[in-house]
Amino acid sequence: MAYRVPFVDPREHYRRYKSDIDGAIQDCLVNGDLIHRRQLFDFERNLAAYVGTKDAVGLASGYHALHFALLAAGIGPGDEVITAGHTFTATVSAIIHCGATPVLIEVGKDYNMDPTGLAGALSPRTKALLPVHLNGRVCDMDPIMEFARKNRLTLIEDACQGLGATYRGRMAGSFGTGCFSFYPFKALGALGDAGAITTNDPEVARIARLLRYNGEDRETGEFYFHGYTALLDNLQAAVLDAKLRHFPSWVEHRRMIAEMYRQALSGVKEVATPHFGNDAFRDAYQNYAIMAQRRDALRSFLKEKGVETLVSWPKPMWAHPALRIPDPKLEFTERICREVLSLPLSAETTGEHVAIATAAIREFYAKG
Ligand SMILES: *Cc1c(COP(=O)(O)O)cnc(C)c1O
C-alpha cells in the first residue's frame, strides 16, 4: 500500500541526494577501496569532529558498538549494568552477550532514564551505567554523570537514536563511550547496517579497532585476543560521510517539523506531544513519539487515512519469554508500550504531510 504520508521515504531521499551517494560509491569502486580504507578513516574523523570527541571507530552496527563498548570497559560475568527498561532489545542483548546482568530502571515522561531510580538499582556488582538517548533526546546527564562519578561506574551511552541532540551544548555520544547506529532509518542512515563508537579514551578506541578486525593489529599482524568480524563497510562509510555533510540541516528540518506537529496538535487533550520545555536540552527528533489515548484505534484510523505510523515497542522486552529477562515491574514503561505512537518524521517530511496527519488525528478524537 502506498501511504499518502509515509513514515520515512527512502526513495525520495535517494532522489534528493543521488549525486552525493552515487559519487561516494563510485569513489570506492573506481579506487578498489572496499575494506578498511581512506573512506572509513575520513568518516571516523568527521564523525568524531561532529560529536566533539577525539576519536570514532566505525563498526558493523549499533549493536556491535554497544557490545564492544561494554567489552572495552571490561564488563563480564558477575557484573551488573544499569540501563533503561524502555529501550530497544539490542541494548540489553549486548549486556547479556558479555555475560553480565542488565538491571532495568524506569523512564520519565520524556521516555528517558529517570535518574531518581539509579540509587535503588545500585549493588556491589554494578560496573557500568548505560543511559539510552531515545527519540533524539539526550538523557538528563548531570545527575547521571554525578552518579557514575561517585560510584566509579563506566558511562556508556546508547546514542543510537541520539545523533545531533545536545544537553547543555554537548552532543550525545560525548559524555562517555558513545554508541551510534546508522541503520537505514536512523536520522543518519547507511544503505544497510552500520554503527560506530565515539570516545575520548585512546584505549577504548584501540580495543574497539582490534575487536572489529578479529583481534588483529593490521599494522603489526599481532593478534591480541579473539575478536569479531565487525568493521563498518568502506562503501557504507563513504555514503555516511557524504550524508554527514547534510546532517546538521536535517536536524534543523526535524526540529521544524516537530514544532509544526506541536502547534497542530495543541489542544488535543487525548495526545501528549514530546515537548518538555527545558533549555538544557536541544532535541534532534529521531522520532516524534506521542502518547495517545486509544492508541491502537487511532493507529488503524490513521492507516485508513494513508498515514503510516510506528509503535516502538508494543510490549516490553520482558514480555517475550524466550529472552528470559525477569519482569522489573516498570509501570510507566508498560504504559508507554500501550500508548506510544511515532508519527511520520524524516528529512523528507513536509508541512503538507504534517497537515494531513494532524487533521486525521483531530478527526479521530472529534468522532469520540
Ligand atoms: C537502532 C538501535 C539500536 C541498535 O542498532 P543496530 O544498528 O540496529 O544494531 C540500539 N539501541 C537503540 C536505542 C536503537 O534505536
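Keep in mind that this is a model prediction, so the values were computed, not measured.
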Run Tyr167 and Asp283 through side-chain hydrogen bond (donor to acceptor under 3.5 Å, both in side chains) and show every step you take. CA-CA 8 Å; Tyr167 173 84; Asp283 298 350; over 6 Å; no
Salt bridge Asp79-Arg125, side-chain N to carboxylate O under 4.0 Å: no
>> Hydrogens and angles aside, do Thr229 and Asn214 bring a side-chain donor and acceptor to less than 3.5 Å of each other?
In response: yes
- So, does Asn135 use its side chain to make a donor-acceptor pair with the main chain of Arg137 at under 3.5 Å? no
request  = Return yes if a side-chain donor-acceptor contact under 3.5 Å exists between Glu157 and His133, otherwise no.
outcome  = yes
In this structure, CD1 of Ile336 is separated from CG of Leu341 (nearest 0.5 Å) by 13.5 Å
Between Asp279 and Arg168, is the closest basic N to carboxylate O distance under 4.0 Å? no
message = Under a 3.5 Å threshold, yes or no: a donor from one side chain and an acceptor from the other, between His64 and Asp193?
response = no
Rounding to 0.5 Å, atoms CG (Leu29) and CG (Leu34) come to a distance of 7.0 Å
| field | cation_pi(Arg218, Tyr213) dist<6.0 Å, angle<=45 | value | yes
Heavy atoms of Pro10 and Phe185 approach each other most closely as CG-CE2, 4.0 Å
Exercise for the section: Would you please indicate if the ring centroids of His320 and Trp313 are separated by under 6.0 Å? Expected result: no
Salt-bridge present (Arg299, Asp296; N to O < 4.0 Å) | no
Is the distance from the ring center of Phe182 to that of Phe43 below 6.0 Å? yes
Review point. Taking atom types as modelled, is there a side-chain donor on Gln39 or Asp27 under 3.5 Å from an acceptor on the other?
Key: yes
For Met113, does its backbone N or O pair with a side-chain atom of Glu106 as donor and acceptor, under 3.5 Å?
no
Would you indicate whether the side-chain heavy atoms of Val132 and Phe88 approach each other to under 4.5 Å? no
Looking only at heavy atoms, the pair that brings Ser346 and Arg254 closest together is CA-NH2, 3.8 Å
Exactly one candidate in Arg245, Lys243, His246 meets side-chain hydrogen bond (donor to acceptor under 3.5 Å, both in side chains) with Asp20; the answer is His246
For this session: Please find out if less than 6.0 Å separates the ring center of Tyr285 from that of Trp250.
Result: no
* Between His97 and His67, what is the ring plane arrangement, given parallel below 30°, perpendicular above 60°, and tilted in between? -> tilted
Side chain to side chain contact (heavy atoms under 4.5 Å, CB included) with Pro6: of Glu348, Glu12, His353, Arg11, only one passes, and it is His353
- Query: Just wondering, do Thr177 and Ile197 contact through their side chains at under 4.5 Å, heavy atoms?
  - Reply: yes
Practice task
Flag the pair Leu343 / Phe7 as yes when at least one side-chain heavy-atom distance between them is below 4.5 Å, and no otherwise.
Solution key: no
So do Lys127 and Thr154 actually touch side chain to side chain, heavy atoms under 4.5 Å?
no
Exactly one candidate in Tyr63, Phe225, Tyr228 meets ring-ring contact (aromatic ring centres under 6.0 Å, His included) with Phe68; the answer is Tyr228
Output for pair (Asp158 CG, Leu66 CG), nearest 0.5 Å, gives 4.5 Å
- Message: Is it the case that the side chains of Glu334 and Trp318 hold a donor-acceptor pair, with the cut-off being a distance below 3.5 Å and no angle test?
- Response: yes
Tightest non-hydrogen contact, residues Leu240 and Ala194, listed as CD1-CB, 4.0 Å
In this structure, CD1 of Ile257 is separated from OG1 of Thr349 (nearest 0.5 Å) by 6.0 Å
**Study point:** Heavy-atom check, side chain of Tyr261 versus side chain of Ile290, under 4.5 Å
**Key:** no
Quiz item: Do Thr199 and Asp201 have a side chain donor and acceptor closer than 3.5 Å?
Solution: no
Check: Stepwise, does the side-chain contact (heavy atoms from CB on, under 4.5 Å) test hold for Ser312 with Asn287?
Finding: CA-CA 10 Å; Ser312 303; Asn287 296 302; 5.5 Å; no
If you draw a 6.0 Å radius around NZ in Lys367, do more than 12 non-hydrogen atoms from other residues or ligands fall strictly inside?
yes
Inset, instruction - Please determine, by modelled atom types, if Asn234 and Asp33 share a side-chain donor-acceptor pair under 3.5 angstrom. - result: no
Can the positive tip of Arg206 be found less than 6.0 Å from the middle of the six-membered ring of Tyr224, inside 45° of the ring normal?
yes
Would you call Leu232 and Leu40 a side-chain contact if the rule is heavy atoms closer than 4.5 Å? yes
Look at Glu44 together with Arg212 and state whether they make a salt bridge at an N to O cut-off of under 4.0 Å.
yes
Donor on one side chain, acceptor on other, Thr101 and Glu80, under 3.5 Å: no
query = Salt bridge between Lys109 and Asp114, side-chain N to carboxylate O under 4.0 Å?
reply = no
Query raised in the report: Under 4.5 Å between any side-chain heavy atoms of Ile82 and Leu118, yes or no?
Result: yes
Do Tyr3 and Asp9 pair up side chain to side chain, a donor and an acceptor below 3.5 Å, judged on atom types alone? no
**Validation row: Val51, Leu163 side chains within 4.5 angstrom (heavy atoms)** = yes
So that I know where these two stand, are Phe332 and His86 an aromatic pair - ring centroids less than 6.0 Å apart?
no
Taking OH in Tyr183 as the centre, count heavy atoms belonging to other residues, nucleotides or ligands within less than 6.0 Å. Is the count above 12?
no
- Message: One thing to verify: whether Arg335 and Glu331 come together as a salt bridge, which I'm taking to mean a side-chain N less than 4.0 angstrom from a carboxylate O.
- Response: no
**Message:** I'd like to know if Arg4 pairs up with Glu352 as an ion pair, taking the criterion as any Lys NZ or Arg NE/NH1/NH2 lying under 4.0 Å from an Asp or Glu carboxylate oxygen.
**Reply:** no
